Amino acid sequence: MKASPRISDAEWQIMKIVWKLAPCSAQQVIDELAMSTSWSATTIKTLLNRLLRKGALDFTKTGKSYLYSPAWTEEECRGLEAQSFLDRVFDGALSPMLAHFVRAKKLGKKDLQELERLLKEK
């Protein structure tokens, strides 16, 4: 199995777009990010290249353009990131993490019902 990529906050923004649009060009990523960031095209291309080097993205060359696709699914990356967070912040213990978030966040009726359903499944 390939080693999991460590993705920075900025790179997560790139990945979310690639997951949504794949396969996509650098210009498509730039256009999408223009709506929510003030990053230059150079910055975005640098982030794309970083993600390629980390193995988070794959590409195919079509003419003079590159089309980017994710090498990992969004679910795989979320799972790896969640496990990393759990290990770093809560020493791998799930109960203290859940207790923290339940106490810290206001939960609506739907949230509580979903948590109950998930716990009953386990």
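The first residue in the sequence is number 1, and the count goes up from there. Not measured: the values here are computed from a predicted model.
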Exercise for the section: Please examine the side chains of R117 and E121, heavy atoms only from C-beta on, and report whether any two atoms are closer than 4.5 Å. Expected result: yes
Practice task
Side-chain contact test, heavy atoms from C-beta onward, threshold under 4.5 Å: evaluate it for L107 versus F101 and give yes or no.
Solution key: no
Is a salt bridge present between [X] and [Y], judged by a nitrogen-to-oxygen distance below 4.0 Å?
{"X": "E32", "Y": "K20", "answer": "yes"}
{"X": "K54", "Y": "E11", "answer": "yes"}
{"X": "E81", "Y": "R78", "answer": "no"}

Problem - Same apolar cluster: F59 and I7, side chain cutoff 4.5 Å - result: yes
Problem - Path from V29 to Y66 over hydrophobic side-chain contacts below 4.5 Å - result: yes
Handout entry: Output field: ring centroids W12/W19 closer than 6.0 Å
Key = yes
Exercise for the section: Please assess D91 against L86 for the test side-chain contact (heavy atoms from CB on, under 4.5 Å), listing each intermediate value before the final yes or no. Expected result: CA-CA 6 Å; D91 297 322; L86 184 64; over 6 Å; no
Practice task
Could you tell me whether the side chains of Q27 and D31 share a donor-acceptor contact shorter than 3.5 Å?
Solution key: yes
Practice task
Answer with yes or no whether the side chains of T46 and T43 bring together a donor and an acceptor at under 3.5 Å.
Solution key: no
Exercise for the section: Kindly indicate, with the supporting measurements, whether the criterion side-chain contact (heavy atoms from CB on, under 4.5 Å) is fulfilled by M97 and L94. Expected result: CA-CA 5 Å; M97 184 192 76; L94 187 58; 3.7 Å; yes
Practice task
Determine the interplanar angle of the F90 and F85 rings, folded into 0 to 90°, and report it as parallel if under 30°, tilted if 30 to 60°, perpendicular if over 60°.
Solution key: perpendicular
Handout entry: Other residues, nucleotides, ligands: >12 heavy atoms within 6.0 Å of R88 CZ
Key = yes
